[in-house]
Q: 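Quick one: this structure, given as structure tokens, is what I'll be asking you about.
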Amino acid sequence: MMLLSLGAVAQEADSTAAGPRKNSRLMNQLHRVQNYLDSAAKRKVDPRFIEVPDRPWRVILRYKESAVNVDYENQLNFPEYNEYSEWKLSFKPPVAASVGVWVGYRGTGISYSYSLAKNSGRNFSISTTGAKYGFNFRLRRFSMDDVDFSGADYINGKKEAEVSLHGQLDAPVWIRSVYANGYYVLNGRHYSQAAAYNQSVIQRRSAGSLLLGATWYQSSMDLSDPKNAPFVIGSKSTGLIKIHQANIGVGYGFNWVPFRGFVVNAMAMPTLSVYNRVKVYKYDFNYMLDFGSEHPDDYGEWNPETRRWANGERYKPMDSEDKWLEDVECWETDQSTSYGRLQLNIDVRLGIAYNWSRYFAGMQLQMNRFSYKQDVTKVTVIDAWGRFSLGVRL
């Protein structure tokens, strides 16, 4: 019994000692990772131009606003009369405002934000910045029935009438965009984007660098709701458009340091699309774009199975009082995929930061413009955001 008791005590003492040893090994591994990140951050930069703070942890409070503007342009032709009409829909959803917090070590961290705006859609973004690279990802999805409409009629090439108004569509249009961008800094020892955009380092002297960048962009515009029939018919039956673009570019960024701790960054990168795929979905309706003075009422009931009215006709003229919108139906008829010609887009950024003691503040602006054109349809998307941040190093 004495031997068993001594063995039990020895086993307990051994298990008690194993706990601290395991914790010690884990802490040693964490210290190795921290030492590697610290040494790598300092080894990759010239300390005369870029200062790597001794305090590696950062906590940042952020306020951000995002804005999107979408222009959808089209043309309706009547060649038998030598007439055509140009029209445009402009969508400007509410500015998406949010507040959030970012916590991280050096250039890596996590963030959480809370939306302050209503009806601004769904937003998601992540980003990371290092000495020689940067990456950011954004997702936004929203619906809009509030729209600006403008149009003009031409006869024999001469403008005869034009209209411009603000109103609401009978059904919302859904717009979705995904943006991913990465860049490489050629002069990473002397120039840092991070100094102005997340303050993981401090720019001590003015410097600039060429930048190599790549962008993936995809978006979709869905106006296929039956109540949007006039616009779909006026777009040659196009009710849904999906775009995928891959872009590469060469740009330039410059950090101006007028005095210690303060930096102003400006960056511009024109990009050229090397992959530009557009997928178009066509739709048909049980009404036709005809607002004549005579509207026969002997069409009877619409049969969705045969897709014909009771009198055998496939299309019924629209009435000028929009009562037809109560019975309109649509169905997909065709899909087509095309690969467009090269498109020139641009990525523009502006960043300002100030560092004092352990604290820092910054303001960042970014604007991207994307466009594509197919036949008489043209879509232009301007995506921009602005952010103010206030942080501390720990």
Side-chain angles (χ1 to χ4, degrees), residues 23 26-42 44-45 50-66 95-117 120-141 176-185 188 192-203 213-216 263 265 347 349 351-355 358-366 368 383-394:
N23 292 335
L26 178 60
M27 293 303 297
N28 288 335
Q29 291 175 354
L30 291 177
H31 283 307
R32 290 194 189 99
V33 173
Q34 288 180 329
N35 290 335
Y36 171 78
L37 293 176
D38 292 342
S39 61
K42 295 179 180 180
K44 294 179 179 180
V45 299
I50 299 174
E51 176 185 345
V52 179
D54 293 331
R55 298 177 184 270
W57 290 95
R58 284 172 299 132
V59 178
I60 307 175
L61 298 177
R62 290 174 168 176
Y63 172 78
K64 182 178 181 180
E65 291 189 353
S66 301
V95 172
S98 63
V99 292
V101 60
W102 185 97
V103 179
Y105 189 90
R106 297 300 181 193
T108 304
I110 59 175
S111 65
Y112 174 80
S113 61
Y114 175 78
S115 178
L116 300 176
S120 61
R122 186 177 60 190
N123 302 270
F124 175 77
S125 65
I126 59 175
S127 63
T128 180
T129 304
K132 291 191 175 184
Y133 74 92
F135 173 80
N136 65 82
F137 173 89
R138 298 199 306 273
L139 166 67
R140 185 165 191 184
R141 184 174 184 265
R176 179 178 181 269
S177 65
V178 175
Y179 171 84
N181 167 261
Y183 63 85
Y184 179 79
V185 182
S192 173
Q193 288 273 114
Y197 292 91
N198 67 17
Q199 292 83 50
S200 59
V201 297
I202 301 172
Q203 188 82 34
T215 299
W216 174 258
V263 61
N265 172 269
D347 182 354
R349 306 184 191 187
I352 301 174
Y354 178 64
N355 300 266
R358 298 164 47 195
Y359 304 95
F360 54 88
M363 182 179 67
Q364 300 84 35
L365 302 172
Q366 182 173 340
N368 301 104
D383 188 350
W385 60 264
R387 183 178 66 204
F388 176 78
S389 58
L390 181 64
V392 60
R393 294 187 174 88
L394 303 174

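We use all heavy atoms of the structure for the numbers below, so side chains are in, but hydrogens, waters and symmetry mates are not.
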Q: Taking atom OH of Y359 as the centre, report whether more than 12 heavy atoms of other residues, nucleotides or ligands fall under 6.0 Å from it.
A: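 No, OH of Y359 has 12 or fewer neighbouring heavy atoms, counting only those of other groups under 6.0 Å.
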Q: With sequence neighbours left out, write down each residue that passes side-chain contact (heavy atoms from CB on, under 4.5 Å) with L116, or none if nothing qualifies.
A: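 For L116 the side-chain contact (heavy atoms from CB on, under 4.5 Å) partners, ignoring immediate neighbours, are Y63, A97, V99, Y114.
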Q: Only counting residues at least two apart or in another chain, list the ones meeting ring pair (Phe, Tyr, Trp, His ring centres under 6.0 Å) with F360.
A: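 Not a single residue meets the ring pair (Phe, Tyr, Trp, His ring centres under 6.0 Å) criterion with F360.
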Q: Is the shortest side-chain N to carboxylate O distance from R138 to D383 below 4.0 Å?
A: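 The answer is yes: the pair qualifies as a salt bridge.
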Q: Report the residues that fulfil salt bridge (Lys or Arg N to Asp or Glu O under 4.0 Å) with R393, sequence neighbours left out, ordered by chain and then residue number.
A: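 Salt bridge (Lys or Arg N to Asp or Glu O under 4.0 Å) list for R393, sorted by chain: empty.
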Q: Would you say that P53 contacts I202 through its side chain, given a criterion of any heavy-atom pair below 4.5 Å between the two side chains?
A: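 Touching, per the 4.5 Å side-chain cut-off.
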Q: Using every non-hydrogen atom in the two residues, find where A96 and R140 come nearest and quote the distance to one decimal.
A: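 What the structure gives for the nearest pair is CB-NH2, 3.7 Å.
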Q: Out of curiosity, S192 OG to K132 NZ, how far, rounded to the nearest 0.5 Å?
A: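 The NZ atom of K132 is 12.0 Å from OG of S192, to the nearest 0.5 Å.
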Q: Kindly give the heavy-atom pair with the smallest separation between P56 and D54, and that separation in Å.
A: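 For P56 and D54, the tightest heavy-atom pair comes out as CD-O, 3.1 Å.
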Q: Could you list the residues that satisfy ring pair (Phe, Tyr, Trp, His ring centres under 6.0 Å) with Y354, not counting sequence neighbours?
A: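 Partners of Y354 under the ring pair (Phe, Tyr, Trp, His ring centres under 6.0 Å) test: W356.
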Q: Excluding sequence neighbours, so at least two apart, what forms side-chain contact (heavy atoms from CB on, under 4.5 Å) with V178?
A: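 Partners of V178 under the side-chain contact (heavy atoms from CB on, under 4.5 Å) test: F137, L139, R176, Q218.
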Q: How far apart are the closest heavy atoms of I50 and G188, and which atoms are they?
A: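 Nearest pair, atom of I50 first, then G188: CD1-O, 3.7 Å.
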Q: Rounded at 0.5 Å granularity, tell me how far CZ in R387 sits from OG in S125.
A: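 Rounded to the nearest 0.5 Å, the CZ-OG separation comes to 8.0 Å.
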Q: If you measure from OH on Y133 to OG1 on T128, what distance do you get to the nearest 0.5 Å?
A: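 If we round to the nearest 0.5 Å, Y133:OH and T128:OG1 are 3.5 Å apart.
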Q: Could you tell me which residues satisfy salt bridge (Lys or Arg N to Asp or Glu O under 4.0 Å) with R349, sequence neighbours excluded, listed by chain and number?
A: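 R349 satisfies salt bridge (Lys or Arg N to Asp or Glu O under 4.0 Å) with D347 only.
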Q: Between Q364 and N198, does a side chain to side chain contact (heavy atoms under 4.5 Å, CB included) hold up when you go through it step by step?
A: CA-CA 9 Å; Q364 300 84 35; N198 67 17; over 6 Å; no
Q: According to side chain to side chain donor-acceptor pair (under 3.5 Å), who are the partners of W102, at least two apart in sequence or on a separate chain?
A: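 With sequence neighbours excluded, W102 shows a side chain to side chain donor-acceptor pair (under 3.5 Å) to no residue whatsoever.
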Q: State, to 0.1 Å, how close A353 and A195 come at their nearest heavy-atom pair, and which atoms those are.
A: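 Closest pair (atom of A353, atom of A195, distance): CB-O, 3.6 Å.
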Q: List in chain and number order the residues that pass side chain to side chain donor-acceptor pair (under 3.5 Å) with Q366, two or more places apart in sequence or in another chain; answer none if no residue qualifies.
A: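 Q366 satisfies side chain to side chain donor-acceptor pair (under 3.5 Å) with N368, W385 once adjacent residues are dropped.
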Q: Under the side chain to side chain contact (heavy atoms under 4.5 Å, CB included) criterion, do V201 and V45 qualify, and how do the steps go?
A: CA-CA 10 Å; V201 297; V45 299; 5.8 Å; no
Q: Considering all heavy atoms of both residues, which atom of G386 and which atom of L365 are nearest to each other, and what is their separation?
A: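 Looking at all heavy atoms of both residues, the shortest contact is CA-CD2, 3.6 Å.
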Q: Listed by chain and number, what are the side chain to side chain donor-acceptor pair (under 3.5 Å) partners of T215, not counting sequence neighbours?
A: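 Here the qualifying residues are N181.
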Q: Which salt bridge (Lys or Arg N to Asp or Glu O under 4.0 Å) pairs, counting each pair once, include a residue from residues 55-65, with sequence neighbours left out?
A: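 Counting only pairs at least two positions apart or across chains, no salt bridge (Lys or Arg N to Asp or Glu O under 4.0 Å) contact touches residues 55-65.
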Q: Could I get the full list of side chain to side chain donor-acceptor pair (under 3.5 Å) partners for N265, not counting sequence neighbours?
A: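 Once residues adjacent in sequence are excluded, the partners of N265 under the side chain to side chain donor-acceptor pair (under 3.5 Å) criterion are Y191, Q193, Y197, N255.
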Q: Can you list the residues that meet the side-chain contact (heavy atoms from CB on, under 4.5 Å) rule with V101, with sequence neighbours excluded?
A: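 V101 satisfies side-chain contact (heavy atoms from CB on, under 4.5 Å) with V59, L61, V103 only.
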Q: Restricting to non-hydrogen atoms, name the atom on A194 and the atom on S200 that form the minimum distance, rounded to 0.1 Å.
A: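 For A194 and S200, the tightest heavy-atom pair comes out as CB-OG, 3.4 Å.
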